[in-house]
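The structure under discussion appears below in the form of structure tokens.
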Amino acid sequence: MARDISTVGVVGLGTMGAGIAEVLARSGLDVVTVEVDQAGVERGRGHLRHSTERALSGGKLDEAGRAALLDRIRYSTSLSDLSEVDIVIEAIPESLGLKAEVFTELDKITRPDVVFVSNTSSLSITEIGVHTARPGKVVGMHFFNPAPVQKLVEIVKTVVTEPEVVTEVVAFAERLGKVPVVIGDRAGFIANALLFGYLNHAVRMYEQRYATREDLDAAMRFGCGYPMGPLALLDLIGLDTAYEILDTMYHQSRNRLHAPAPLLKQMITAGQLGRKTGRGFYAYDAPDSPNVVSDATAASTVDSVEPRPVARVGVVGTGTMATGIAEVFAKRGLDVVLRARSLEKAQASVAKVKKSLDKAVVKGKLSEEDAALALARITPVTDFEALADVDLVVEAVAEELSVKQAVFAALDEVVRPGAVLATTTSSLPVIECAAATSRPSDVVGLHFFNPAPVMKLVEVVSTIATAPDVVATANAVCGAVGKHAVHCGDRAGFIVNALLFPYLNDAVKMLEAHYAGANDIDTAMKVGCGLPMGPFELLDVVGLDVSLAIQRTLYNEFREEGFAPAPLLEHLVTAGRLGRKTGKGFKDY
């Protein structure tokens, strides 16, 4: 680095400020911290003691290392004690007025070459910088909570930030063992701009009673591999913090998807801020506790209805989804009638199931005997009449409404009264399939995720006509085959796709605006938010054509301007860049 940094000032010793001070001290730097009063200092000391105790008990620090770390940190209640530091990091509450006041004061105290850093997660670095005589030396350095653990740091430059300052701050972040991404000054930066639109959307779903809090959270954990569901994550972040970030984003973007859901404001007014107050979307056994306790909100109506008995299942289709579902049922002891358009296709499907079962045997997940029994339970057929006596039929044919309607009309003719008819559609209206029959009350959506033998989630989709005991049957069947059922109404995207694809679309719009590169956006979401894949990696895996079709379906149903497919996504599909399957998508393979 051009400048020698040995002493760092940290203003603010809340959870984030204390975490940053710990990161700095761990890296061998001397730290001077400033809080508004002695009580704030003591709170900060408490945060540091608690955090380093955890690191000690987890084997990440030894006693000598902990003592040395704490010795590097000095405490003060006066900004004047920062007169000799080499760089200042501000981590006070998200108020532009407060931050401006601190930087104006620091401007008079510190050397003219000292760089000012703000840890803001949503405020404009430009607006903060203009309150100093050195706006070219003001930069954002957005650490993620908890700072000692989270690797991502968003380095935010303004239009006047000096290029060498950005270079120096990037090198400084790397010295701290962090993964820096450099971006422009825009509300929410990368991670929050993409994350909070998704979280807000989940709140609206809950507010509209479209799905329960448990089902919304389970859907994203089991369906997307997210470490936490959206409502549990909001409780962890704090609803007041989330509201401030969304409000700041909305005032800059004017995007309705960023306008905080009214329920957030109501909960904040009622003092339900999440874990820190002991109650948010969930109830906790104490403030700041992660332990959820049961409350009246969690009551389920599905359990109070008697399901219909299911012993024999029909599966219509021969693709990956159909064969996967057939395998799931057969492994759990249900007799399966697998209907294909030709004997050749039926036999090929059974061969696919056998190959999958053999793999499970090799991996030690299934005995040879159980694999043989499962395969013996599958009967391949070509006539719909062979499904006459099944208790449940799952349709898993091509994602075209006319094709599905033809299947349901055929099933209606032959399947016994009282049997449940299910569709695996991921994007089409279930009621359209039901309308092709004379028994819409017996029709339900059973959206399995691919690969069906591996993925735990099934979305149970009820139409306005679905009978309560049909929903209960679908729920019971999911439990019997080891799947986690979540319940929702019959609207585009159900839960997972409705939350996932607008977020992916927002990422494409961010790339399209040249705000950040695909790799930096992927890094921000994986490293900063703990997601298993970045948005562009995931889009390339799903297929850009499939993603575009789902996004169009969402836009056509909700007519929400923010859901309109990003033009860049449209152009890539037109150019035949569909992702991994064509070797080129957002990235080249």
Side-chain angles (χ1 to χ4, degrees), residues 15-16 19 54 121 142-152 188 190-207 210-243 245-246 260-261 263-264 267 272-295 297-298 449 455-457 459 484-486 488 494-504 506-507 522-535 537-538:
T15 308
M16 188 53 84
R54 273 200 315 233
S121 60
H142 178 215
F143 289 79
F144 285 71
N145 200 17
V149 177
Q150 294 278 27
K151 289 287 188 186
L152 183 72
I190 295 177
N192 284 352
L194 294 179
L195 178 68
F196 278 86
Y198 149 75
L199 296 177
N200 199 38
H201 191 179
V203 178
R204 289 189 185 278
M205 278 189 177
Y206 178 65
E207 186 175 55
Y210 176 66
T212 66
R213 60 188 183 181
E214 289 82 7
D215 283 353
L216 284 164
D217 282 352
M220 299 313 288
R221 284 190 295 113
F222 292 119
C224 295
Y226 283 14
M228 293 183 84
L231 302 183
L233 181 55
L234 279 162
D235 274 0
L236 177 63
I237 292 166
L239 273 60
D240 50 342
T241 303
Y243 186 92
I245 291 170
L246 282 164
L263 181 62
L264 281 175
M267 292 174 75
Q272 297 178 4
L273 307 185
R275 284 193 193 180
K276 58 187 168 190
T277 58
R279 185 167 187 96
F281 288 100
Y282 295 89
Y284 301 86
D285 59 7
D288 291 318
S289 168
N291 302 319
V292 175
V293 294
S294 61
D295 60 8
T297 320
F449 284 71
M455 297 295 283
K456 289 281 288 180
L457 186 72
E459 290 176 320
H484 187 105
V486 297
C488 61
F494 310 137
I495 297 175
V496 173
N497 286 350
L499 288 175
L500 178 65
F501 281 88
Y503 145 73
L504 296 175
D506 283 348
D522 278 352
T523 298
M525 300 316 290
K526 286 192 294 181
V527 180
C529 301
L531 303 188
M533 296 180 89
E537 289 174 325
L538 183 54

Tell me the closest heavy-atom pair linking [X] and [Y], and the distance in Å.
{"X": "His142", "Y": "Ser121", "answer": "NE2-CB, 3.3 Å"}
{"X": "Leu457", "Y": "Gly223", "answer": "CD2-CA, 3.7 Å"}
{"X": "Leu246", "Y": "Pro260", "answer": "CB-CG, 3.8 Å"}
{"X": "Val486", "Y": "Ala218", "answer": "CG1-CB, 3.9 Å"}
{"X": "Met525", "Y": "Ala191", "answer": "SD-CA, 3.7 Å"}
{"X": "Arg279", "Y": "Asp295", "answer": "NH2-OD2, 3.2 Å"}

Beyond-backbone contact of [X] with [Y], side-chain heavy atoms, under 4.5 angstrom:
{"X": "His484", "Y": "Arg221", "result": "no"}
{"X": "Phe281", "Y": "Leu263", "result": "yes"}
{"X": "Val496", "Y": "Cys224", "result": "yes"}
{"X": "Tyr210", "Y": "Leu216", "result": "no"}
{"X": "Phe196", "Y": "Ile237", "result": "yes"}
{"X": "Asn200", "Y": "Leu264", "result": "yes"}
{"X": "Val527", "Y": "Phe144", "result": "no"}
{"X": "Leu538", "Y": "Leu531", "result": "no"}

Supply the atom-to-atom distance [X] [atom1] to [Y] [atom2], rounded to the nearest 0.5 angstrom.
{"X": "Leu236", "Y": "Met228", "atom1": "CG", "atom2": "CE", "answer": "5.0 Å"}
{"X": "Ile245", "Y": "Leu199", "atom1": "CD1", "atom2": "CG", "answer": "9.5 Å"}
{"X": "Leu234", "Y": "Thr241", "atom1": "CG", "atom2": "OG1", "answer": "10.5 Å"}
{"X": "Tyr282", "Y": "Glu214", "atom1": "OH", "atom2": "CD", "answer": "5.0 Å"}
{"X": "Met16", "Y": "Phe143", "atom1": "CE", "atom2": "CZ", "answer": "8.5 Å"}

Verdict with supporting geometry, Lys276 and Thr15, side chain to side chain contact (heavy atoms under 4.5 Å, CB included):
CA-CA 12 Å; Lys276 58 187 168 190; Thr15 308; over 6 Å; no

Qualifying side chain to side chain donor-acceptor pair (under 3.5 Å) pairs with a residue from residues 494-504, counting only residues at least two apart or across chains
none

Not counting sequence neighbours, list each pair that qualifies as a side chain to side chain donor-acceptor pair (under 3.5 Å) and has a residue in residues 227-238.
Asp235-Tyr284

Kindly say whether Cys488 contributes a backbone atom to a donor-acceptor pair with the side chain of Glu459 at under 3.5 angstrom?
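Looks like no, no N/O pair under 3.5 Å.
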
Would you say Asp506's side chain and Leu194's backbone share a donor-acceptor pair under 3.5 angstrom?
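Not at all, since once roles are kept as given, no pair shorter than 3.5 Å links the two residues.
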
My understanding is that only residues two or more places apart in sequence, or in another chain, count here; which of them pass ring pair (Phe, Tyr, Trp, His ring centres under 6.0 Å) with Tyr226?
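Partners of Tyr226 by the ring pair (Phe, Tyr, Trp, His ring centres under 6.0 Å) criterion, ordered by chain and then number, come out as Tyr198.
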
